[in-house]
Amino acid sequence: MTDVVVLGGGIIGLTAAMRLRRRGAGVTLWSPAGPLDTVSAVAAAVWYPTRTDFDPRVLRWAGATYEHFRREARDGVPGVLMRQTRNLERDDSTGEPWWAAAAGKVAYRAATAPWTREVRFEAPLVEMDVYLPWLRDRFERTGGRVVERGAQRLEEALAEAPVVVNATGLAAGALCGDPAVHPVRGQIVLVANPGITVSVRDQGEPGTYVHPRTRDVVLGGTYDADEWSTTPDPATREAIIARCVALVPELAGAPVLGEKAGLRPARHGGPRVEAERRPEGTVVHAYGHGGAGMTLSWGCADEVAGLAGA
Ligand SMILES: Cc1cc2nc3c(=O)[nH]c(=O)nc-3n(C[C@H](O)[C@H](O)[C@H](O)COP(=O)(O)OP(=O)(O)OC[C@H]3O[C@@H](n4cnc5c(N)ncnc54)[C@H](O)[C@@H]3O)c2cc1C
């Protein structure tokens with residue numbers, strides 16, 4: 001029996017589906033694309049609330065997600081790692097960043113120009129090409145059903161179950177007529193790992209980041225609002241490599257293994273996570289996570305399961 005239809009098989013839909021199953025709901029997940037054909041599979045995907053404004057809910061989701069991934073890394077869940085991280089700031093901030101309360105132990109030290117301060121902490125990093133298929137498989141093993149289809153209208157899914165979770169990412173803009181939803185294009189380059197293990201993030205404009213995984217290193221980034229192209233741009237690739245080599249010189253000459261561009265599902269006003277009562281049933285919206293979908297995923301999923309009444 002299907003109690004809840006979850007629309008979307010990215011990180012937000014899959015984590016919500018898992019939480020709903022854990023509460024005993026009968027869950028069917030609809031997705032027109034496999035886990036590796038989602039924006040979630042393009043993500044770096046490092047715990048950090050990139051360009052996300054403070055909001056008590058966001059802080060709660062970020063903290064719960066941090067703890068969830070920390071436990072999964074400890075338990076050896078495929079694709080989940082913990083990485084020492086160096087955030088290099090360029091502004092004159094002196095206090096704790098708002099997200100620090102969610103990030104375990106955070107240390108501060110002075111930095112040399114052009115940086116003003118270095119913030120060090122340990123962060124979860126998820127190899128999405130491994131983790132998303134693992135999560136989907138686990139969902140199915142717990143009795144969840146996956147159907148390869150999209151919904152043209154929310155009513156289609158409401159005809160199948162009294163509760164629908166709308167975790168369709170960027171597609172939510174058209175699906176529920178939300179003009180605040182917009183794409184923020186990001187491009188990354190994957191290079192062979194020369195043996196580095198520490199993540200480095202330079203908070204200049206545009207931000208530059210180096211995230212070592214087990215087999216490769218993710219280099220970024222770009223942040224282009226309202227750009228719809230998902231074709232990687234060669235000049236941007238070269239600029240990303242140059243910025244990352246300047247930041248971490250050990251990367252010089254590392255063979256390029258691949259590149260990707262994806263559209264972050266951003267939303268003016270922040271993520272929409274709320275229940276909407278309709279005559280046909282309840283829609284729990286869970287979209288608009290921008291550049292922080294992995295960072296907020298498990299915490300947000302708890303809230304979605306609560307709103308679904310499961
Ligand atoms: C270059 C880049 C780097 C990033 N790095 C990070 C990072 O380091 N950390 C971080 O936290 N975040 C990062 N992000 C952001 C992160 O990728 C997103 O926030 C996250 O993937 C959003 O997840 P989602 O499940 O909402 O969307 P998606 O992954 O886009 O999933 C949406 C799902 O909905 C399905 N769907 C679409 N339309 C329909 C429909 N009509 N009916 C049913 N299903 C539908 C799709 O097929 C898909 O399965 C990055 C993004 C990019 C592009």
Side-chain angles (χ1 to χ4, degrees), residues 5-17 28-52 58 61-62 65-66 69 83 85 99 123-128 131-132 135-136 146-154 156-157 164-176 181 183-190 199 201 206-207 209-211 213 218-224 227 230 232 236 240 259-267 271-273 285-301 304:
V5 169
V6 174
L7 299 177
I11 190 69
I12 298 299
L14 278 170
T15 53
T28 299
L29 184 145
W30 295 9
S31 178
L36 300 185
D37 293 318
T38 59
V39 181
S40 299
V42 177
V46 179
W47 184 97
Y48 186 70
T50 304
R51 311 217 191 197
T52 304
V58 168
W61 299 336
T65 306
Y66 186 99
F69 282 130
R83 285 290 187 227
T85 304
W99 48 264
L125 180 157
V126 177
E127 300 182 330
M128 290 295 220
Y131 187 70
L132 291 173
L135 200 54
R136 178 163 149 169
V146 177
V147 179
E148 204 174 297
R149 69 175 279 192
Q152 300 301 314
R153 298 167 63 245
L154 291 169
E156 257 176 64
V164 170
V165 173
N166 173 20
T168 55
L170 193 56
L175 195 60
C176 57
V181 177
V184 177
R185 183 180 186 279
Q187 182 167 332
I188 56 167
V189 184
L190 302 173
S199 275
R201 183 181 290 108
Y209 54 78
V210 171
H211 295 308
R213 309 197 296 182
V218 183
L219 312 184
T222 62
Y223 197 86
D224 300 316
E227 288 285 341
T230 53
T236 304
I240 289 173
E259 59 184 331
K260 293 179 186 178
L263 306 178
R264 299 175 180 92
R267 181 171 182 271
R272 183 179 183 198
V273 179
H285 298 285
Y287 63 83
H289 295 76
M294 169 274 187
T295 305
L296 307 178
S297 55
W298 282 104
C300 187
V304 168

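Just follow the structure's listing: the first ligand is 1, and inside any ligand the first atom is 1.
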Calculate, to the nearest 0.5 Å, the distance between atoms [atom1] and [atom2] belonging to [X] and [Y] respectively.
{"X": "L132", "Y": "T15", "atom1": "CG", "atom2": "OG1", "answer": "10.0 Å"}
{"X": "W30", "Y": "E156", "atom1": "CH2", "atom2": "CD", "answer": "5.5 Å"}
{"X": "I240", "Y": "Y209", "atom1": "CD1", "atom2": "OH", "answer": "7.5 Å"}
{"X": "Q187", "Y": "T230", "atom1": "CD", "atom2": "OG1", "answer": "10.5 Å"}
{"X": "L296", "Y": "I11", "atom1": "CG", "atom2": "CD1", "answer": "11.0 Å"}

T168 side chain to L7 backbone, donor-acceptor under 3.5 Å:
no

Between the main-chain N or O of A62 and the side-chain N or O of T295, is there a donor-acceptor pair closer than 3.5 Å?
no

Closest approach of any protein heavy atom to [atom], naming residue and atom:
{"atom": "atom 8 (O) of ligand 1", "result": "V46 N, 2.9 Å"}
{"atom": "atom 14 (N) of ligand 1", "result": "A43 CB, 3.7 Å"}
{"atom": "atom 25 (O) of ligand 1", "result": "I12 N, 3.1 Å"}
{"atom": "atom 52 (C) of ligand 1", "result": "R264 CG, 3.8 Å"}
{"atom": "atom 41 (N) of ligand 1", "result": "A151 O, 2.9 Å"}
{"atom": "atom 44 (N) of ligand 1", "result": "P32 CD, 3.3 Å"}
{"atom": "atom 23 (O) of ligand 1", "result": "S40 OG, 3.2 Å"}
{"atom": "atom 18 (C) of ligand 1", "result": "G290 O, 3.4 Å"}

Numbering the atoms of ligand 1 from 1, which are under 4.0 Å from a heavy atom of [X]?
{"X": "A45", "answer": "7 (C), 8 (O)"}
{"X": "I11", "answer": "23 (O), 25 (O)"}
{"X": "A33", "answer": "47 (O)"}
{"X": "G10", "answer": "25 (O), 29 (O), 31 (O), 33 (C), 49 (O)"}
{"X": "T38", "answer": "29 (O), 48 (C), 49 (O)"}
{"X": "G169", "answer": "26 (O), 27 (O)"}
{"X": "A171", "answer": "37 (C), 38 (N)"}
{"X": "T295", "answer": "9 (N), 10 (C), 11 (O)"}

Does any N/O atom on [X] come nearer than 3.5 Å to any N/O atom on ligand 1?
{"X": "V42", "result": "no"}
{"X": "G262", "result": "no"}
{"X": "I188", "result": "no"}
{"X": "L7", "result": "no"}
{"X": "Q187", "result": "no"}

Walk me through whether R51 and R264 qualify under side chain to side chain contact (heavy atoms under 4.5 Å, CB included).
CA-CA 11 Å; R51 311 217 191 197; R264 299 175 180 92; over 6 Å; no

Would you sort out whether L170 and V39 count as a side chain to side chain contact (heavy atoms under 4.5 Å, CB included), showing the intermediate values?
CA-CA 9 Å; L170 193 56; V39 181; 5.9 Å; no

Please classify the A167 to ligand 1 contact at 4.0 Å (heavy-atom distances, strictly less than): side chain, backbone, both or neither.
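The backbone, only.
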
Closest non-hydrogen atom pair, A286 against V165
CB-CG1, 4.5 Å

If you measure only the distance, is there a donor-acceptor pair under 3.5 Å linking the side chains of Y287 and R272?
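There is such a pair (donor and acceptor under 3.5 Å, judged by atom type) between the side chains of Y287 and R272.
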
Counting heavy atoms only, which of G8, A123, A44 comes nearest to atom 3 (C) of ligand 1?
A44

Might you work through the side chain to side chain contact (heavy atoms under 4.5 Å, CB included) test for H289 and I12, ending with a clear yes or no?
CA-CA 9 Å; H289 295 76; I12 298 299; 3.7 Å; yes

Take every heavy atom of W30, measure it against each atom of ligand 1, and state whether any distance is under 4.0 Å.
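Per 4.0 Å heavy-atom rule, W30 contacts ligand 1.
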
Should the pair Y66 and W47 be assigned to parallel (<30°), tilted (30 to 60°) or perpendicular (>60°) ring geometry?
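Correct class here is perpendicular.
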
Go through the steps to decide whether I188 and L219 satisfy the test side chain to side chain contact (heavy atoms under 4.5 Å, CB included), and finish with yes or no.
CA-CA 6 Å; I188 56 167; L219 312 184; over 6 Å; no

